[in-house]
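One structure is given below, encoded as structure tokens.
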Amino acid sequence: MTSVRGVDAGEIIRAIRVATDRKSEALSLHEPSFSGNEWAYVKDCLDTTMVSSVGKFVDRLEADLERYCGAAHAVATVNGTAALHLGLEAVGVSEGDEVLVPTLTFVATANAVRYCGAIPHLVDSEFRTLGLDPAKLAAHLDETAELREDGCYNRRSGRRIRAVVPMHTFGHPVDLDPLIEVCERFRLALIEDAAQGLGSTYKGRQVGTFGRAGVLSFNGNKIITTGGGGALLTGDASLAETAKHLSTTAKRRHPWEYVHDRVGFNYRMPNLNAAVGCAQVEQLAGFVSRKRALAARYREAFASVEGVEVFSEPVFAQSNYWLCTALFESADLGQRDGVMRATAAAGIQTRPCWSLLHRLPMYADCPRMDLAVAEDLEARIICLPSSAQLAPA
Ligand SMILES: *Cc1c(COP(=O)(O)O)cnc(C)c1O
């Protein structure tokens with residue numbers, strides 16, 4: 001018995017070992033897997049010298065993502081943060097606007113808002129999804145926002161509220177239908193931060209395809225990786241055109257002239273990265289099913305462990321279980337950190353959720369609602385080793 005303030009860390013370690021069927025090896029939180037055509041496609045790039053901003057793999061990756069996600073358009077970018085920035089720019093988020101974002105998210109969600117000169121307005125989460133709480137947001141806007149001819153305004157700050165960026169935490173979809181209703185009622189643009197959600201569905205449809213735009217990340221720790229990379233998904237052809245134009249230094253199409261019609265960005269994904277991405281997309285369905293199987297094994301192994309429970313997707317969703325999540329019964333940071341220390345000593349990497357945005361110095365003064373649920377979750381979440389390879393094929 002290795003008790004850490006009321007939970008038995010030894011039992012937790014045993015449950016992780018049983019679920020992953022790894023008796024003593026070191027387990028990291030998440031590792032990529034390259035067992036498909038990665039080498040062949042990268043070799044093709046090197047053999048043809050098409051390593052950079054032009055090449056067939058970029059177009060092919062975009063087409064593959066469109067097909068997999070059921071999105072009309074995909075625009076591949078250097079990373080997910082860049083895709084978020086492009087999406088926000090393309091829907092018109094500008095200097096002095098406010099954008100609603102969950103306080104429980106990776107910092108990039110808020111950084112992209114700041115790149116537009118806009119201000120994050122922090123929103124609470126709900127226990128069912130670990131994501132943005134649409135009912136609490138609606139109540140908050142009823143109390144603090146007002147609709148004018150040209151949009152929604154924050155009565156307290158006087159600033160326009162332009163958009164909402166929900167984030168699918170650890171891959172688990174937020175409740176999108178009521179959120180879409182809130183967006184319609186308050187005339188807000190919906191941009192999904194689906195960086196962690198590729199392969200997850202909400203009521204049968206892939207996340208990232210519900211808003212004006214959705215954003216994916218292919219960073220090394222995500223469900224598929226291109227080294228670094230991301231993509232913007234949208235059903236809107238002109239938004240896709242704008243995003244692609246902005247991502248390629250806003251250069252007008254011409255056989256030799258360098259004419260740029262606005263301040264653009266160098267955000268286009270290189271062909272070398274896209275080559276890895278094409279090979280990874282081929283394996284995506286397999287990664288998702290292995291991660292779902294791993295989550296089920298964790299649920300079973302943790303069933304007898306007291307004081308902690310493995311998070312399960314809500315009924316309206318099928319999660320990719322990008323990171324399997326355990327929730328402690330009590331919100332006790334000392335307990336959480338004690339368990340992480342004990343797993344680390346046993347060679348098992350576990351991680352908390354991110355520091356809530358309102359605790360970071362650059363976002364401490366942002367407008368916000370009551371954030372009690374996110375603060376409670378922060379003390380109760382730990383993420384378990386979740387590589388697809390840890391589940392039986
Ligand atoms: C990974 C991630 C991003 C950013 O993606 P990068 O490709 O690392 O720039 C944005 N938002 C969330 C929630 C993420 O997890």
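Any value given below was found using the heavy atoms of this structure, including those in side chains, with hydrogens, waters and symmetry copies removed. Atoms within each ligand, like the ligands themselves, are counted from 1 in listed order. Numbers here are sequence positions counted from 1.
- Salt-bridge formation is detected for the pair R148/E146: a Lys NZ or Arg NE/NH1/NH2 atom is positioned less than 4.0 Å from an Asp or Glu carboxylate oxygen.
- In this structure the side chain of Y363 reaches within 4.5 angstrom of the side chain of N111, judged on heavy atoms.
- For H172 and Y321, the ring centers are positioned less than 6.0 Å apart.
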Show me a pair-per-line table, with atom names and distances to 0.1 Å, of protein N or O atoms that are under 3.5 Å from an N or O of ligand 1.
residue  : atom   : partner : partner atom : Å
ligand 1 : 5 (O)  : S217    : OG           : 3.2
ligand 1 : 7 (O)  : G80     : N            : 2.7
ligand 1 : 7 (O)  : S217    : OG           : 2.7
ligand 1 : 9 (O)  : G80     : N            : 3.3
ligand 1 : 9 (O)  : T81     : N            : 2.9
ligand 1 : 9 (O)  : T81     : OG1          : 2.5
ligand 1 : 11 (N) : D193    : OD1          : 3.3
ligand 1 : 11 (N) : D193    : OD2          : 2.8
ligand 1 : 15 (O) : Q196    : NE2          : 2.7
ligand 1 : 15 (O) : K222    : NZ           : 3.2

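- Of the possible donor and acceptor atoms, none in the side chain of K203 sits under 3.5 Å from a partner among the backbone N and O of F316.
- With respect to D97 and R159, no salt bridge is recorded, no charged nitrogen being found less than 4.0 Å from a carboxylate O.
- The aromatic rings of H254 and W256 stand perpendicular to each other, their planes meeting at an angle above 60°, with 30° marking the opposite boundary.
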